[in-house]
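To start, the structure itself, in structure tokens.
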Amino acid sequence: MALNGAEIDDLSWEPPTEAETKVLQARRERQDRISRLMGDYLLRGYRMLGETCADCGTILLQDKQRKIYCVACQELDSDVDKDNPALNAQAALSQAREHQLASATELPLSSRPTPQPPVPRPEHCEGAAAGLKAAQGPPPPAAPPNADVVSCTQEALLQKLTWASNELSCSTSLETSIQLCGLIRACADALGSLKQLQH
Amino acid sequence: MAVPASVKTALRVAQVLESIVSRCLGPDGRQVLCTKPTGEVLLSRDGGRLLAALRLEHPIARMIVACVSSHLKQTGDGAKTFIIFLCHLLRGLHAITGKEKDSLSIGTMQTLERHWKDSCQWKFISQALLTFQTQILDYTMDHCLSKHFLSIFSPSAKDKTLCGGSLELLLGAYFCGRVGRNNHKFISQLMCDYFFKCMTYESGVELFELVDDCFVELNVGVTGLPVSDSRIVDGLVLHRDFSVYCPAEGDIRMVIVKEIIQPLFSTSRSEFMLNSEAQFQTSQFWIIEKTKAIMTQLHSQNVKLLLSSVKQPDLVIYYARLSGISVVECLSSEEISLIWRIIGLTPCELPQTSSQCEISNTALVKFCKPLILRSKRYVHLGLISTCTFIPHSIVLCGPVLGLVEQHESALHGALKMLRQLYIDLDLNYVIQASDQNGRSNPLTYKNSQKSNQLPEISNDSILRSHQNIVKSKDVCENLVVSDVELEANIPCSIPEVAPRDTFQTNKAQRCLSPEKNKIMDDSELLANSTDKSTTENTRIEISYENLQVTEIPRKGNLLPLRSKSLDICYHSSSVPAGCVLPVGGSFEILLHYYLLNYAKKCQQSEETIVITLIANALLSIPQTLYKSKKGNNSFPQIYLSSVHALQTHQPMVNSQVGLESVTGKYQLLTSVLQCLAKILTIDLIISVRRPPQKNCDQDSEDEL
């Protein structure tokens, strides 16, 4: 290699951990799914445009009615939304468990986690992966969940709920309204699960 | 960073294209249904056809498809393999940079220094890709892979005689990946029969060139009949009908004209002045008499067939009918040039001045009759060929026009593939080594030859006499070694050894089969520039006797040109025509194995990166081929057994029946690497809303 800096950095590079491998694998699978869907659409007569989607960076398609279509956004679930606790009950549960673990002293040895739908992105990786590991390992001690954590989450959910309803009342776009309704439903589900946790 | 962005975009595009073509790769591939925007449906397994049918406005997608099309125009094979291989190369490249850019370790902002380092790394990688072919690929092909090659020619004959069984295997493998499963055996048999009917003993690459260039005129498509009704007819089928048909017996002579026979009074740039009705009548009468005279003249010379590239006036038709001459009008210039290529007949000039002159340029034909195919009539002409091609035409039948067209393009592709197979593949590579000197170089060459154990192939239909070839190689080496030993004592003349060496091996080949072997251009130049002594000539004659009749399979020319500063050896060699390998990923697995071996000895890390990248991407092709197989035929099993066989120097066992051309594979590899190099040079993509233009350069859309 030409520059010496490369070697130093190479030495500091470590192979990805299991969680990171899972993330990479999930990302690859998602990409494969997107490619397959796009291929199917191309065979159906859609046109592949030269532009990419602003949200997810996938190549855009255009159908015969000249409507622009992004395969990833409109067909596949976004892999970011999966771990936004405001939008997803599963993510909210994981976050709750993470907080639990942070206060707990022992980490159970985990068996291989089962392959679930796409694992969250790297920024949430550490916590979420730890949370998943904990979920698949031996059952956590049956201690009542920390009341503070639950109330925190409830507050956050209620805040999001209010915000969503405000947005819904003043939104004019169909897509946004649908998404906001989804958000409200998810918040309500999350609140429900939190209430179950408390009891 | 700009460069990986283009790789990332290209990877996305290539993945989409791969998802389409990987479904139809190989004998187990399925048909792909594509709906065109006009509503037409295309059902095909042909990669090139599918890619051309997609609506792609993305500049990189268009560029990739353009690369594939130009590759197909040259070689006729490998569109799907191209895309799959390119996709895996891009994936590998992306992973290399992904290691550093996309690193999952939190923190570490990209500093300017790191950015610069990444750019430099890219430059080295793209340069290494470009030099891969000259430094590594050709060398590996020449030294390592060549011992595994099989030949499609029968070694028993002096000339390159095509072995029937091998041709069937080759074409069978070609068509089973391209034509639908119910038709491919029939089509490949049709093509084999066609070749054996058209070929003579002296036929070589000229036959394939002629058939390839004129394939459109040599085949007739008929819709509405089952595919099994396709057949080969003797002679030429013209795509026109008779304007006048007069059945003739005995000798039939034929004349081609390019202008109307009836003389004209008014020509361009002249004015025809008529002052009275009587003058007009006289002039008309003169025209009629002249025409009649010309037709009588033709009749007297036994001309019974008139082929015209223009539409003849009614008067000519009338007199032709009276004289018993059949007329075919409005022939295309391609058909006329095909007739010229087969029988050497040029269009004749009709005598304008005197009707007593002999009309030159007539040719004898065997028969001339109408041929009725379904509801259309064609002219069926029996020609007496003067070249190495015995004219036959293919009548291709199919239930719909689309299927007929697909079969036609598949046949045409097979022709191109065979045409490439008949050409020697030149390999030129550079070895940078400080331990090679004039003396040891040919010795190492000799040693490497002897250590190549040519495997015994049990398949009877593939013939190759290893012993003869080994013998001839030995003699050749003795020739080379003795020369160099002589010269080694005169160190100042070492640079002169090289051209003389070349000249001698050249001469030996010329003595063997003067009309068959192609002599390479650079060696010819060298030969012309140096003076040769008579002693060398006698040596050549002696060696000629020892060499027997078999060709030297490797026309290796060693040019150990030593320059003072760098020890670079330029080698040029060639893969002889007719080299084939068994299907099912043999070429890829072999090349993968030898490339990885080479990479272990490599010192430069970017070379190692590139070699490993290409070697791993090569495996994607057999992986896709064996995707649906399980158990003993699954890809991991095949791979392991092949590698084991290679490591223990045993012959590779192949479960697939069929052959594929080595030239085609090599050309595919180089095309993909060139396309990849093009992608890497893209800095900015600007997409322009413009319908794709087939003929013009589409790279104008990419800013370099």
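Within every chain, numbering begins at 1; the chains are lettered A, B, ... in the order of the sequence lines, protein sequences first and strands thereafter. Predicted model, so just to flag it, every value in this text is computed and none were measured.
A 4.5 Å side-chain heavy-atom check between V16(B) and I34(A) finds every atom pair outside the cut-off.
In this structure, chain A has no heavy atom under 4.5 Å from any part of V41(B). Contacts between L33(B) and chain A at a heavy-atom distance below 4.5 Å involve the backbone alone (N, CA, C, O). In this structure, the portions of R47(A) lying under 4.5 Å from any heavy atom of chain B include both its backbone and its side chain. Heavy atoms of T35(B) lying under 4.5 Å from chain A belong to its backbone as well as its side chain. Interface remark: L42(A) contributes backbone and side-chain atoms alike to the contact with chain B (heavy atom separation under 4.5 Å).
Minimum interatomic distance between M48(A) and A61(B) (heavy atoms only, all atoms of both residues): SD-CB, 3.9 Å. Pairing each heavy atom of G57(A) with each of R12(B), the nearest pair is O-NH1, 3.2 Å.
For the atom pair D40(A) CG and R23(B) CZ, the distance stands at 4.5 Å (nearest 0.5 Å). Note that CZ of R55(B) is 11.0 Å distant from CG of L61(A), once rounded to the nearest 0.5 Å. Distance check: H58(B) NE2 to T52(A) OG1 gives 7.5 Å after rounding to the nearest 0.5 Å.
Counting non-hydrogen atoms of neighbouring residues, nucleotides and ligands closer than 6.0 angstrom, the CD atom of Q74(A) exceeds 12 such neighbours.
Here the side chain of R36(A) pairs no donor or acceptor atom with the backbone of S19(B) at under 3.5 angstrom.
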